Amino acid sequence: MLKKRIIVCLDVRDGKTTKGVQFAGNRDIGDPVLMAEQYYRHGVDELVFYDITASPEGRSTMIDVVARVAEKIFIPFSVGGGIGSLEDMRKVILAGAEKVSVNSQAVRNPAIIEEGAALFGRQCIVLGMDAARDPDMPSGYRVFINGGRVATNLDALQWALQAESLGAGEIVLNSIDADGTTAGYEERLTKMVSQAVGVPVVASGGAGTPEHIYQVLTFAEADAALVASMVHYGTWTISGIKDYLESRGVPVRKDTGGEACLA
Amino acid sequence: MTVVIDYGAGNLRSVENALKMVGAEFRVTEKPEEVYAADKVIFPGVGEASSSMKKLIKGGLDKALKDFAVSGKPFLGICLGCQIILDRSEEAETPCLGIIPGNVRLFPSGLGLKVPHMGWNSLHLEKPDPLFHGIPEGADFYFVHSYYPQPRDSETLLATCTYGLPFSAGFRKGNVYGFQFHPEKSGPYGLTLLRNFIALKEPESC
């Protein structure tokens, strides 16, 4: 049976993991390579790295982080943040990332999804979307870019459908309203998009308890749940989350092979 | 020496990193002569079947791989690699290498499935095999694919996986193995499988 995935998100700035609340007030919380290894050992199913540095120096630091992560962990991971060209995609994929995530740049230039899917395969191309509630939009959600700072004219549901038709192989839905609040995922948006598209949907933003994850993976029909704050600060462990989900009947990957096999 | 076939189908970095982790000696190659000289072949790949077949043919690797497959030496096809060793793929109606009889099918629409089949799914081990040493029944492996392999002869079946329908996630004909999942991305169990392959003594009896 296909398992529901628990994905840990690491925001990386100048080579350090950082975390903010509602897209602001970031502070450094650790070394992304060490954190990735630790989550791998604890049984995370997948990792996402978002490069939140804008500078060219930060970009090459990020490629180095990706290459070092790829030598240490043997599960899929994706890289996003500032990916705006096929060359950007090629660099992170060649460094060892499984997938690349496009967000603001795809809004500005949707063809990047199509071109990336043609070159690397659609399973490599993830659409990351930052959305916030807006009653003026048909779906009730508006797409934002530039880390949630700039509103677009795009409706979240329409953009998800368009991205899928252009070739996105997965959609990560990040709720700006819920991000970092640990008050629960934006379930209505997640369910609406997951029912509308034929590719996997990852819920992001707002996870605070295993119950939130349970809700979004079941009632909101997400294929995977992205977590950050609730595990970064040690409040919850990956295995604790999975134990809870299993107890509620959600199929999760529990036996990861253990460290004995790593030697 | 183990060789990893590079025919421009996707990224080999993950396979290389995993082989380094299990202590394998290997070389990445696009040269048919290095395939002929190899003790073991790993044939990975992510991408589209017809363009990948064109690249294999253009580089002369199609014949080298077919010849290697009948040599009796261990051969491991992963993901697209396990599909291309069959006769034919529904992806762009592509004639493939025909090393193992069978076809490659698209996951049907109408089952309410999200395609690609992406994520961790459990393997039902159909029979014991040296490559499964240390891997329990029901272990999860990482899959990402829209087409699935359908080898013709049921005796080739090693492991099944269910996604809407049961499909052959692992199969073997003599020295030639095909796995639809990505052992290089399947955590410790995936590394175990790769380590088992590297440890095979050739030629392995059926």
Side-chain angles (χ1 to χ4, degrees), chain A residues 1-7 40-41 43-46 66-77 90 92-99 117-124 126 164 169-170 194-195 197-202 221 223-224 251-263, chain B residues 8-23 45-48 51-52 79-80 107 109 112-122 124 134-146 161-164 182-196:
Chain A
M1 179 185 270
L2 183 66
K3 306 302 186 293
K4 297 282 189 177
R5 286 172 282 157
I6 303 300
I7 303 174
Y40 171 60
R41 286 173 193 280
V44 76
D45 298 316
E46 196 168 319
V66 172
R68 287 189 293 136
V69 166
E71 287 170 5
K72 294 286 172 61
I73 70 162
F74 299 95
I75 54 173
F77 68 92
R90 187 191 308 277
V92 294
I93 289 171
L94 287 181
E98 215 62 25
K99 311 182 227 186
L119 197 56
F120 304 110
R122 63 183 302 157
Q123 79 289 337
C124 281
V126 179
E164 181 192 19
E170 185 169 69
S194 190
Q195 288 184 338
V197 300
V199 295
V201 169
V202 182
E221 302 180 28
D223 298 283
V252 288
R253 169 178 164 257
K254 284 291 298 291
D255 176 9
T256 57
E259 291 189 37
C261 307
L262 292 170
Chain B
N11 176 26
L12 302 180
R13 178 63 70 91
S14 306
V15 173
E16 290 175 58
N17 283 336
L19 288 172
K20 279 180 200 158
M21 185 54 120
V22 301
V46 169
E48 196 272 332
S51 60
S52 299
C79 193
L80 181 64
F107 278 111
S109 56
L113 299 175
K114 297 210 169 178
V115 176
H117 170 218
M118 184 189 284
W120 298 83
N121 205 331
S122 44
H124 172 55
I135 296 171
E137 163 64 23
D140 290 314
F141 286 81
Y142 186 75
F143 290 82
V144 50
H145 60 124
S146 300
C161 177
T162 301
Y163 187 59
H182 289 270
E184 76 279 13
K185 283 285 168 182
S186 293
Y189 284 136
L191 295 179
T192 298
L193 190 143
L194 287 175
R195 186 184 288 114
N196 291 340

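Letters A, B, ... are given to chains in the order of the sequence lines, protein chains preceding strands, and every chain is numbered from 1. As the structure is a computational prediction, the values presented were derived from the model and not from experiment.
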As an exercise: rank [options] by heavy-atom pairs under 4.5 Å with chain B and give me the winner.
options                      : value
A:G198, A:G121, A:S194       : A:G198
A:R253, A:K254, A:Q123       : A:R253
A:P251, A:P76, A:G96         : A:P76
A:V197, A:L119, A:I73, A:L94 : A:L94

Checklist entry - Which value, rounded to the nearest 0.5 Å, describes the distance between B:W120 atom CH2 and A:E46 atom CD? => result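 So the gap between those two atoms works out to 9.0 Å.
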Checklist entry - How many angstroms lie between atom CE of A:M1 and atom OH of B:Y163, to the nearest 0.5 angstrom? => result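 The distance works out to 12.0 Å.
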Item to check | Atom group of A:A224 that falls short of 4.5 Å from chain B, counting heavy atoms | outcome: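 For A:A224, no heavy atom lies under 4.5 Å from chain B.
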Checklist entry - Quick one: are A:E71 and B:N17 in side-chain contact, heavy atoms under 4.5 Å? => result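 They are in contact (side-chain heavy atoms under 4.5 Å apart), so the answer is yes.
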Under 4.5 Å heavy-atom distance to chain A, tell me which part of [X] shows up: side chain, backbone, both or neither.
X      : value
B:P183 : neither
B:E184 : backbone
B:A18  : both
B:S122 : both

Checklist entry - B:T162, B:V144, B:V115, B:I135: which one forms the most heavy-atom pairs within less than 4.5 Å of chain A? => result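 Maximum pair count with chain A is reached by B:V115.
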Item to check | Test side-chain contact (heavy atoms from CB on, under 4.5 Å) applied to B:F107 and B:H117, step by step | outcome: CA-CA 9 Å; B:F107 278 111; B:H117 170 218; 3.8 Å; yes
Next on the checklist: Show, in sequence, the C-alpha distance, side-chain angles and deciding distance for A:V201 and A:D223, and conclude whether the side-chain contact (heavy atoms from CB on, under 4.5 Å) test is met.
Outcome noted: CA-CA 5 Å; A:V201 169; A:D223 298 283; 4.1 Å; yes
Checklist entry - Does the pair A:K3/A:D45 count as a salt bridge with the N-to-O cut at 4.0 Å? => result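 A salt bridge is absent here (no side-chain N lies under 4.0 Å from a carboxylate O).
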Checklist entry - Which pair of non-hydrogen atoms, one from B:Y189 and one from B:G134, has the smallest distance, and what is that distance? => result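 That would be CE2-O, 3.7 Å.
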